[in-house]
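The chains referred to below are lettered A, B, ... by the order of the sequence lines, with proteins before strands, and numbering in each begins at 1.
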Amino acid sequence: MKLEELKKKQLECAKKVVARDEFNEIKTVGGMDLTFEDLKKTPTRAWASLVVLDLETLKPIYELVVEGEVSFPYVPTFLAFREMPLLLKLYEKAEVKPDAYFIDGQGTAHPRGCGIASHFGVETGEVTVGVAKTRLFGYAKEPPNERGAFTYLRYKGRVVGAAVRTKENAQPVFVSPGHRISLKSAIELVLKTSRYRVPEPTRLAHNLLQKVRRKALKGGRLF
DNA sequence: GCGACAG
DNA sequence: ATCTTGTCGC
């Protein structure tokens, strides 16, 4: 499919994004992540994970990993078309659905207003937050070096997200609403779930994948 | 035209 | 994202 057509899909998606609080109470938060057998190759084998945490204790209450084939390459601003199929497979198989999902990447902080976190939210109707380790789009001043500090990420005067300091002496993470949540609540939720730089749901989902990946690839790379 | 560019 | 030991700083 041509990128011009995919841009249209993103613009359609952007119209459906709800960047306001549209939920009752969040008691559990899930983190989702992906890892690939070979980043250079397309298609390639990949794994996706979901870890659901209790918001009060920040302890995991559910974990799931699925394996699949990823056939769309990584193209900046089109990440959703690469990762969404496996995320949806993961979502459908999950027997525990959290009240909100943290997705690795941007939500509304995207050139066409629909990064992967928003895309996944609109597609499933779930509450989603975009948490990225680096910036894709817009400009933010460096937030003060204290946990909890943040600055707005703007583009042409519009606030599209925030650079949030989740830990002192660590680079900020980039937070933006995915779907059915305001930027304010998204920031609060990220801070509430952060012990280290990367919030716990995302961090544990990532750690789980590292174990799975090592196990799956050992034998092929021993010599 | 050039640089920047989530994972 | 991934390949990787030691190393520097709090």
Side-chain angles (χ1 to χ4, degrees), chain A residues 3 6-7 10 13-14 17 31-50 65 67-88 90 101-121 128-140 145-147 153-156 160-179 186 190 195-199 201-203 205-218 220-223:
Chain A
L3 290 185
L6 300 183
K7 281 186 186 177
Q10 291 178 325
C13 168
V17 171
M32 284 180 157
D33 193 24
L34 262 78
T35 192
F36 303 88
E37 176 167 358
D38 188 347
L39 272 176
K40 312 277 183 196
K41 271 173 40 183
T42 305
T44 184
R45 184 155 64 133
W47 297 268
S49 67
L50 168 69
V65 174
E67 183 181 320
E69 193 90 343
V70 166
S71 51
F72 195 92
Y74 170 66
V75 182
T77 76
F78 295 96
L79 180 66
F81 298 101
R82 175 170 170 82
E83 300 192 346
M84 276 275 285
L86 202 50
L87 288 187
L88 289 175
L90 178 69
Y101 293 77
F102 284 1
I103 313 281
D104 238 315
Q106 317 292 342
T108 57
H110 179 277
R112 289 169 292 283
C114 189
I116 187 167
S118 296
H119 214 122
F120 180 84
T128 61
V129 175
V131 183
K133 287 179 287 299
T134 60
R135 181 197 68 97
L136 169 68
F137 179 71
Y139 173 76
N145 188 17
E146 61 183 66
R147 187 192 132 81
L153 180 64
R154 299 166 192 274
Y155 185 75
K156 291 188 175 173
V160 295
V164 181
R165 189 86 67 182
T166 49
K167 186 179 190 299
E168 199 176 325
N169 298 319
Q171 287 298 114
V173 295
F174 293 81
V175 177
S176 56
H179 189 51
V190 164
R195 291 219 257 255
Y196 306 105
R197 182 192 176 216
V198 174
T202 307
R203 198 178 68 88
H206 185 83
N207 289 169
L208 175 59
L209 280 186
Q210 296 316 302
K211 293 179 196 166
V212 170
R213 189 177 189 279
R214 266 190 296 124
K215 208 170 191 177
L217 299 186
K218 77 175 173 189
R221 52 181 298 98
L222 284 179
F223 58 94

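Residue A:Arg45 contributes atom CZ, which lies 16 Å from atom C1' of C:dT2 at whole-angstrom precision. Between the CD1 atom of A:Ile103 and the C1' atom of B:dG7 there is a distance of 13 Å, rounded to whole Å. Whole-Å rounding puts the A:Gln171 CD to C:dC10 C1' distance at 16 Å. In this structure, NE2 of A:His119 is placed 18 Å from P of B:dG7, rounded to the nearest angstrom. Rounded to whole Å, the distance from CD on A:Gln106 to P on B:dA6 is 8 Å. Between the P atom of C:dT2 and the CG atom of A:Leu217 lies a distance of 10 Å, rounded to the nearest Å. The distance between atom OH of A:Tyr155 and atom P of B:dC5, rounded to the nearest whole Å, is 14 Å. Atom CG in A:Leu39 sits roughly 9 Å away from atom P in C:dA1 (whole-Å rounding).
When heavy atoms are screened at a 4.0 angstrom cut-off, A:Tyr74 is found touching base atoms of the nucleic acid. Residue contacts for A:Glu37: at a heavy-atom cut-off of 4.0 Å it reaches no nucleic acid atom on any strand shown. Residue A:Arg213 is in sugar-phosphate contact alone, with no base atom involved, counting any heavy-atom pair closer than 4.0 Å across all strands shown. If you check every strand for non-hydrogen atoms under 4.0 Å, A:Lys40 touches nothing. Using a 4.0 Å heavy-atom distance criterion, A:Phe78 is classed as a base contact. Residue A:Thr77 is classed as a base contact, given a heavy-atom separation below 4.0 Å to a base. Using a 4.0 Å heavy-atom criterion, one finds that A:Leu34 contacts no nucleic acid atom at all.
Distance from the side chain of A:His206 is smallest to C:dA1 among C:dA1, C:dC10, B:dG7. Closest to the side chain of A:Thr35, from the set B:dA4, B:dA6, C:dT2, is C:dT2. Side-chain proximity of A:Arg135 to C:dT2, B:dC5, B:dA6: nearest is B:dC5. Nearest to the side-chain atoms of A:Lys133 among the listed nucleotides C:dT2, B:dG7, B:dA4 stands B:dG7.
Where A:Asn169 and A:Gln210 meet DNA chain C, the nucleotide closest to each residue was compared, and A:Gln210 sits on the side nearer the 5' end.
Once rounded to the nearest 0.5 Å, the distance linking CG of A:Asp38 with CZ of A:Arg45 reads 11.0 Å. Rounded to the nearest 0.5 angstrom, A:Lys167 NZ and A:Asn145 CG are separated by 10.0 Å. Considering CD of A:Gln10 and CG of A:Leu3, their distance stands at 9.0 Å, rounded to 0.5 Å.
The six-membered or imidazole ring of A:Phe81 lies near that of A:His119, with a centre-to-centre distance under 6.0 Å.
Ion pairing between A:Arg165 and A:Glu146 fails under the 4.0 Å rule for side-chain N and carboxylate O.
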